[in-house]
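Since this is a predicted model, take the numbers as computed values, not measurements.
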2 protein chains.
Amino acid sequence: MKKPTLIDVARIADVSAITVSRTLRDPERVSESTRIKVQAAVEELGYVPDSAASTLASKRSTVIGMLVPSFSNNVFSQVLAGAYDAIEGTKYSIQIGNTRYSALKEEEMVRRFLTMKPAGMIVAGVDQTEMTRKLLKATDCPVVQVMDIADDPIDSIVGFSNFQAAAEATYYMIQEGFRRIAFVGTRMDPRTQMRMAGYRSMMEKSGLYDPALQITTQIKSSVEIGRHLLGDILSTVPDCDAVFCNNDDVAVGIAFECERRNIRIPQDMGICGFNDLGTTSQMNPAVTSVHTPRVEIGKVAAQIVIDANAKIETRSEKIYDLGFELKKRASTNLRGAAFRSR
Amino acid sequence: MKKPTLIDVARIADVSAITVSRTLRDPERVSESTRIKVQAAVEELGYVPDSAASTLASKRSTVIGMLVPSFSNNVFSQVLAGAYDAIEGTKYSIQIGNTRYSALKEEEMVRRFLTMKPAGMIVAGVDQTEMTRKLLKATDCPVVQVMDIADDPIDSIVGFSNFQAAAEATYYMIQEGFRRIAFVGTRMDPRTQMRMAGYRSMMEKSGLYDPALQITTQIKSSVEIGRHLLGDILSTVPDCDAVFCNNDDVAVGIAFECERRNIRIPQDMGICGFNDLGTTSQMNPAVTSVHTPRVEIGKVAAQIVIDANAKIETRSEKIYDLGFELKKRASTNLRGAAFRSR
DNA sequence: CTGTTAGCGCATTCAC
DNA sequence: GTGAATGCGCTAACAG
């Protein structure tokens with residue numbers, strides 16, 4: 001007993017194969033009576049379309065290609081989760097590629113994905129190689145960049161401004177009275193670099209910029225590396241009075257190490273994280289962070305692909321800025337802490 | 001300028017299409033001279049095989065289907081990461097389905113995946129529905145269950161014993177001198193239930209079992225829920241002297257809340273987490289946890305699928321117990337703490 | 001609104 | 001070791 005095909009369904013419904021095909025793909029285009037007959041036959045046989053055959057014949061698959069730089073980074077698992085939410089119940093599926101933060105690897109994967117005629121492509125960030133941009137511009141499937149914002153997207157872009165988010169957080173810390181604010185950057189991927197630029201711009205504007213305050217490493221972010229980095233900071237810039245971290249786990253590590261060394265938060269050291277991954281809000285004292293709409297970004301990106309394939313007219317603008325939210329917590333509340341410690 | 005096909009390559013290499021096909025899939029089966037000609041032609045044209053056509057003709061795809069219960073759970077992102085490591089550079093790709101901890105949804109997704117003739121299926125745990133087991137047993141592709149161990153796998157199984165891991169952690173805490181050890185369980189998925197069973201078995205064996213010590217909720221685990229649960233525990237079983245949590249984030253939340261309430265760790269409250277996700281080891285005091293080989297599990301599972309497809313004879317046993325490791329840290333070091341506090 | 005014809009690009013089967 | 005014929009299951013393009 002082998003898998004039923006369109007022809008089997010057609011025979012039972014007493015129509016031609018192509019009619020069955022149409023009924024399944026676009027029920028509006030057949031008469032109601034045929035639709036009912038066909039649907040009954042499909043039900044009876046438990047027919048499920050063969051996607052390989054469909055892809056081959058139509059030169060268009062139902063696979064959405066999604067390229068992320070990392071799995072270990074929580075941020076991207078959440079973007080993925082959002083995208084999977086969006087395709088739930090649709091005919092689309094997602095195939096993921098791991099670029100490992102390499103633009104060249106990304107280019108190679110884009111090539112590979114494009115050969116399978118994807119329904120859409122979702123890529124992280126805006127730092128593609130020239131060739132990748134060219135390939136993605138030339139393809140006829142929708143392309144969505146995620147996790148940042150730029151003026152000149154390849155096609156659509158969904159995210160928030162890493163530059164602005166960092167600038168706003170930095171501004172807030174300055175307002176709170178911090179002066180020697182360090183930027184702590186791990187991995188130094190393009191989004192972290194944008195954050196550093198936002199930080200720098202605001203520090204310069206306030207006459208507080210000092211290159212020595214930029215502490216960076218190529219190592220990936222983790223709670224452990226955060227702890228080590230506090231040591232580096234204190235030996236390099238002993239008068240540092242606050243840290244702005246490119247990711248929450250680094251901020252958590254720094255907070256733990258401050259506690260261990262009896263460095264008071266925020267009186268001796270202000271701390272601000274990025275992404276608001278869930279732990280910072282629960283600490284003692286709670287750690288300030290920039291909340292980012294990761295799940296929403298994934299959801300919107302996948303929805304753009306789905307809508308474009310259905311030719312649904314969506315918002316004409318191709319730039320979807322989903323914003324961010326600075327979560328002000330005790331770890332940077334210097335004015336409040338000064339007041340309380342009297 | 002359209003995509004080159006096998007025939008284009010064949011023309012340039014001056015052989016037939018089928019020879020090109022063979023050269024690409026099994027270079028050993030053609031003579032060296034043809035192999036060189038063909039490979040040169042492939043290179044020249046930048047030929048990339050069409051996977052839809054190949055799937056249709058061979059009734060076997062290069063997609064590995066992988067069903068996970070959740071994306072937000074770090075544990076599964078790491079299993080995914082391991083699986084992606086294993087397929088790197090191979091012809092295989094992975095398609096993920098999110099079962100959202102529902103066995104029925106899983107069944108539906110298994111059905112859907114099987115229609116695409118996958119190269120293999122990887123599913124989480126051992127609690128499939130009867131129908132899912134039947135479907136997976138009947139398929140001819142390799143099936144790998146991950147994240148637990150059982151005697152009667154569908155096909156292969158890669159994981160560790162959640163029961164044993166919990167029993168061992170519980171035994172260790174009892175040895176340390178804890179008596180009123182609570183089990184804190186979130187989500188209550190099958191693996192958490194196995195952990196609870198392991199805990200219970202050891203508590204019973206020691207004459208310490210008390211159902212009131214089992215604190216469970218259907219809510220998913222998070223640092224925040226951990227904090228709330230400590231309150232529940234203390235009001236339900238005020239004499240509780242330790243907690244064994246089903247996941248690290250819950251343990252972290254409980255540690256934070258202890259700190260906030262000036263409950264000393266481990267003197268007043270011992271804490272043990274599960275999975276060793278990275279934060280527990282960095283805390284003050286460091287929190288004990290059961291380290292689980294998540295990345296390795298994913299990697300081995302995908303490798304099993306790859307090897308089975310290549311007909312490479314692997315270990316004949318189908319059960320791969322990758323073990324676990326109890327990381328004993330300060331949060332449960334009651335004997336050491338008692339000594340130091342003199 | 002429905003059917004006919006003709007492939008999509010590749011792998012299987014059987015020759016040689 | 002290599003090739004010819006055939007079909008996988010579906011859909012595009014065109015009729016009617």
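Between B:Thr19 and the phosphate of D:dG3, there is a side-chain N or O to OP1/OP2 separation shorter than 4.0 Å.
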B/S/- along nucleotides 8-16 of chain C (protein heavy atoms under 4.0 Å) is BBBSBB---
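No side-chain donor-acceptor contact under 3.5 Å links B:Ser102 and B:Thr99. Side-chain atoms of B:Asp307 and B:Gln303 form a donor-acceptor pair, as typed in the model, at a separation below 3.5 Å.
In this structure, A:Asp26 atom CG and D:dT11 atom C1' are separated by 13 Å, rounded to whole Å. Separating the CZ atom of A:Arg35 from the C1' atom of C:dC1 is a distance of 12 Å, rounded to the nearest angstrom. Nucleotide D:dC10 holds its P atom 9 Å from the CG atom of A:Leu24, rounded to whole Å.
Residues A:Asp85 and B:Arg100 are paired through a salt bridge, judged by an N-O separation under 4.0 Å between the basic side chain and the carboxylate. Comment: B:Lys105 engages A:Glu88 in a salt bridge, judged by a side-chain N to carboxylate O separation of less than 4.0 angstrom.
Legend: ring pair (Phe, Tyr, Trp, His ring centres under 6.0 Å) pairs involving residues 89-138 of chain A, not counting sequence neighbours: none detected.
Between B:Phe71 and B:Phe76, the ring centre distance reaches or exceeds 6.0 Å.
The neighbour count for A:Asp151 CG, taken as heavy atoms of other residues, nucleotides or ligands under 6.0 Å away, does not exceed 12.
Across all their heavy atoms, A:Pro27 and A:Arg35 have their closest contact at O-NE, 3.2 Å.
Axis orientation changes by 20° from one end of the helix from C:dC1-D:dG16 to C:dC16-D:dG1 to the other, with each end axis drawn from 5 pairs and the value rounded to 10°.
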